[in-house]
Engineer: 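The following block contains the structure, expressed as structure tokens.
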Amino acid sequence: MGKYLINTYGCQMNIHESEKVAGILQDYGFEETTEVNDADVIVFNTCCIREGAETKIFSNIGAVKPLKKKNKNLIVAVLGCMTQQKKTAENLKKKFPWIDIIIGTFNSDEFEKYFKKSFEEKQKSFEVFDKEFDIVENTKFFRTSGDNAWVNITYGCNNFCTYCIVPYVRGRERSRRSENIIKECENLVKEGYKQITLLGQNVNSYGNDREDEISFPMLCKKICQIEGDFRLKFMTSHPKDFSSELIDVIASEEKMSKVVHLPCQSGSNKILKLMNRSYTRENYLQRIEELKSKIPYVSLTSDFIVGFPYEEEEDFEQTKDLVEKVQYNSIFAFMYSKRSGTVAEKMENQVDLQVKRRRVNELLALQKEITAKKNEKLVGFVFDCLLQEKKDKKIMVSESGLSISLESYDGIEFSKYYKVAVTSVKGNKISGKIEKRK
Ligand code: 5AD
Ligand code: SF4
């Protein structure tokens with residue numbers, strides 16, 4: 001039997017799309033392998049959010065060439081955001097003419113068609129569409145994220161933040177019908193998944209493209225009504241659409257995860273404006289205050305970009321000040337990367353790489369201190385945790401991603417929620433005990 005290997009880059013959206021590709025390859029009788037030399041199909045599901053991602057992907061694809069010589073039947077497919085950019089797709093084809101399939105995100109739903117052509121007719125495909133796809137339902141996934149199941153609720157993005165390439169490679173925002181989403185969630189809970197994560201570039205604007213659809217908070221509420229022991233998460237949120245109604249649903253619904261990822265990007269109003277984010281630091285901080293006051297154990301995470309054009313030292317200080325004020329549980333910080341076709345690409349006053357490097361390190365060091373101080377205060381807190389295996393060792397993992405060690409794991413089962421109280425914190429090691437079985 002043949003084997004396949006899928007290399008996934010970028011966001012959760014891509015991880016889930018690779019699960020779709022895996023489902024198709026399994027239908028053809030292929031089995032998963034992690035050993036590249038054993039693979040008869042190698043898929044690169046690509047990302048282009050930052051330049052670094054593209055450079056790495058090009059080099060990883062190049063490394064596959066000798067395998068093509070060794071295994072005449074090897075099929076190499078490249079799809080996703082990077083190849084949705086026509087110029088990049090053409091460069092790729094020129095550089096690596098031995099690739100069998102090159103398609104973008106707008107036709108990745110038709111992967112099966114292209115794969116069939118390659119597998120049965122030994123024909124190559126190079127096709128990048130200009131228009132986004134219509135939503136396809138009843139897709140079969142081969143899920144790979146343990147207790148968590150990803151569920152798409154929207155595709156595409158209408159926000160056009162000036163740094164971001166996503167609207168160009170994912171098209172306009174389209175929402176799935178809520179009845180289909182709810183049905184999918186019901187089935188997932190029946191199958192035993194303990195966590196459902198709703199996916200969209202901006203989940204908060206769910207339904208805005210359909211007159212007769214319910215709002216995002218209402219969708220969450222309906223999913224929480226499904227019987228069973230599971231938690232509901234979502235990503236990603238845009239602060240401009242993060243409503244009080246949604247905060248109330250997170251606060252009142254037991255099944256809603258109390259981890260909120262709310263990308264801020266910058267703490268400076270000048271930079272937020274240049275980024276076209278449509279909120280100010282004051283609006284953002286007010287959302288955070290509301291979250292903290294209504295949800296006592298809320299875990300907050302965020303994304304930041306440093307070194308955006310025109311970012312001066314005082315703008316960066318504003319970002320650090322905001323991070324101090326919010327006291328996040330963790331953050332992602334990225335150096336601004338120029339993306340072709342975006343508004344910011346043409347901006348003057350691009351920031352030097354050394355300055356970006358220093359700022360990103362400074363911001364991450366600041367957050368590290370905050371996380372350590374926050375961890376010290378965890379003693380006594382109770383978290384919903386699932387048992388996981390990490391590096392062959394058992395560990396309890398909270399929905400906020402904290403790893404908590406127990407003295408004994410006797411009688412603790414996988415795929416079951418336990419309430420774990422933190423008993424001590426020593427450096428990075430958080431210890432706890434089972435509070436109450438759910
Ligand atoms: N440069 C650097 N970071 C970026 N992001 C998006 N576009 C860029 C870019 N051009 C970051 C944002 C976003 C996260 C997914 O990636 O912080 O929230
Ligand atoms: Fe995901 Fe954006 Fe990267 Fe595409 S470009 S994979 S949407 S992060």
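Atoms within a ligand are numbered from 1 in the order they appear, just like the ligands themselves. Here, residue 1 is the first one in the sequence, and each next residue gets the next number. For clarity, every value in this text was computed on a predicted model and none was experimentally measured.
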Engineer: Taking distance alone, with no angle check, do Y163 and ligand 1 share an N/O pair under 3.5 Å?
Structural biologist: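 Yes; the residue has a nitrogen or oxygen that sits under 3.5 Å from a nitrogen or oxygen of the ligand.
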Engineer: Does a side-chain N-to-carboxylate-O contact under 4.0 Å join E137 and R176?
Structural biologist: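 Yes, charged N to carboxylate O under 4.0 Å.
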Engineer: How does I305 reach ligand 1, by side chain, by backbone, by both or by neither, if only non-hydrogen atoms under 4.0 Å count?
Structural biologist: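 Side chain only; the backbone of I305 stays clear of ligand 1.
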Engineer: Examine ligand 2 and decide if any of its atoms is less than 4.0 Å from a heavy atom belonging to M82.
Structural biologist: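 The answer is no, since M82 has no heavy atom less than 4.0 Å from ligand 2.
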Engineer: For the ring-ring contact (aromatic ring centres under 6.0 Å, His included) test, which of Y163, F160, F106 pairs with Y168?
Structural biologist: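 Answer after filtering Y163, F160, F106: F160.
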Engineer: Salt bridge (Lys or Arg N to Asp or Glu O under 4.0 Å) for K320 and E313? Distances and angles first, verdict last.
Structural biologist: CA-CA 11 Å; K320 287 203 299 187; E313 223 42 50; over 6 Å; no
Engineer: Give the residue, atom name and distance (to 0.1 Å) of the protein heavy atom nearest atom 3 (Fe) of ligand 2.
Structural biologist: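 In this structure, atom 3 (Fe) of ligand 2 has C47 SG, 2.4 Å as its nearest protein heavy atom.
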Engineer: Could you tell me how the ring of F141 sits relative to the ring of H16: parallel (under 30°), tilted (30 to 60°) or perpendicular (over 60°)?
Structural biologist: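 Judged by the thresholds at 30° and 60°, the geometry between F141 and H16 is parallel.
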Engineer: Count the heavy atoms belonging to other residues, nucleotides or ligands that lie under 6.0 Å from NZ of K3, then report whether that count exceeds 12.
Structural biologist: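 Not buried by this count: 12 neighbours or fewer within 6.0 Å.
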Engineer: Tell me: protein heavy atom nearest atom 2 (Fe) of ligand 2, and distance?
Structural biologist: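 Result for atom 2 (Fe) of ligand 2: V166 CG2, 3.1 Å.
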Engineer: Could you find the nearest protein heavy atom to atom 17 (O) of ligand 1 and give me its residue, atom name and distance?
Structural biologist: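 Scanning the protein heavy atoms, the shortest distance from atom 17 (O) of ligand 1 goes to Q265 OE1, 2.7 Å.
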Engineer: Heavy atom to atom 9 (C) of ligand 1, shortest distance: which of C264, S337, C161 holds it?
Structural biologist: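 The nearest heavy atom belongs to S337.
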Engineer: Between ligand 1 and D303, is the shortest N or O to N or O distance under 3.5 Å?
Structural biologist: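 Yes; at least one N/O pair falls below 3.5 Å.
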Engineer: Heavy atoms only: which of N14, I49, I15 is nearest to atom 5 (S) of ligand 2?
Structural biologist: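 That would be I49.
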Engineer: Yes or no: does R170 have any heavy atom under 4.0 Å from an atom of ligand 2?
Structural biologist: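 True for this residue.
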Engineer: Under 4.0 Å between a side-chain nitrogen and a carboxylate oxygen: does that hold for D321 and K325?
Structural biologist: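 The answer is yes: the pair qualifies as a salt bridge.
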Engineer: On a heavy-atom basis, I'd like to know which of H238, R50, K338 is closest to atom 4 (C) of ligand 1.
Structural biologist: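 Shortest heavy-atom distance from atom 4 (C) of ligand 1: R50.
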Engineer: Would you say atom 3 (Fe) of ligand 2 has C11 as a near neighbour, meaning an N/O/S atom of that residue under 2.8 Å away?
Structural biologist: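 Here the distance criterion (N, O or S atom, under 2.8 Å) is not met by C11, so no.
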Engineer: Check whether more than 12 heavy atoms from other residues, nucleotides or ligands sit under 6.0 Å from atom CE of M347, and answer yes or no.
Structural biologist: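 Yes.
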Engineer: Considering only protein heavy atoms, which is closest to atom 2 (C) of ligand 1, and at what distance to one decimal place?
Structural biologist: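 So the nearest neighbour among protein heavy atoms is M335 O, 3.3 Å.
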Engineer: Of the backbone and side-chain N, O or S atoms of C81, does one lie nearer to atom 4 (Fe) of ligand 2 than 2.8 Å?
Structural biologist: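 Yes - counting backbone and side chain alike, C81 has an N, O or S atom under 2.8 Å.
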Engineer: Check this for me, if you would: do K373 and E376 make a salt bridge, where the nitrogen-to-carboxylate-oxygen distance has to be below 4.0 angstrom?
Structural biologist: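 No salt bridge links K373 with E376.
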Engineer: Can you list the ligand 2 atoms lying under 4.0 Å from a non-hydrogen atom of Q201?
Structural biologist: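 Ligand 2 atoms under the 4.0 Å threshold to Q201: 7 (S).
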Engineer: Counting each atom of ligand 1 from 1 as listed, which ones have a heavy atom of R339 under 4.0 Å away?
Structural biologist: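 Heavy-atom distances to R339 below 4.0 Å select 10 (N).
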Engineer: Do the non-hydrogen side-chain atoms of S302 and Q265 ever get within less than 4.5 Å of each other?
Structural biologist: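 Counting from C-beta outward, S302 and Q265 never come under 4.5 Å.
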Engineer: Of D384, L386, V189, which meets side chain to side chain contact (heavy atoms under 4.5 Å, CB included) against K194?
Structural biologist: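 It is L386; the other options fail the test.
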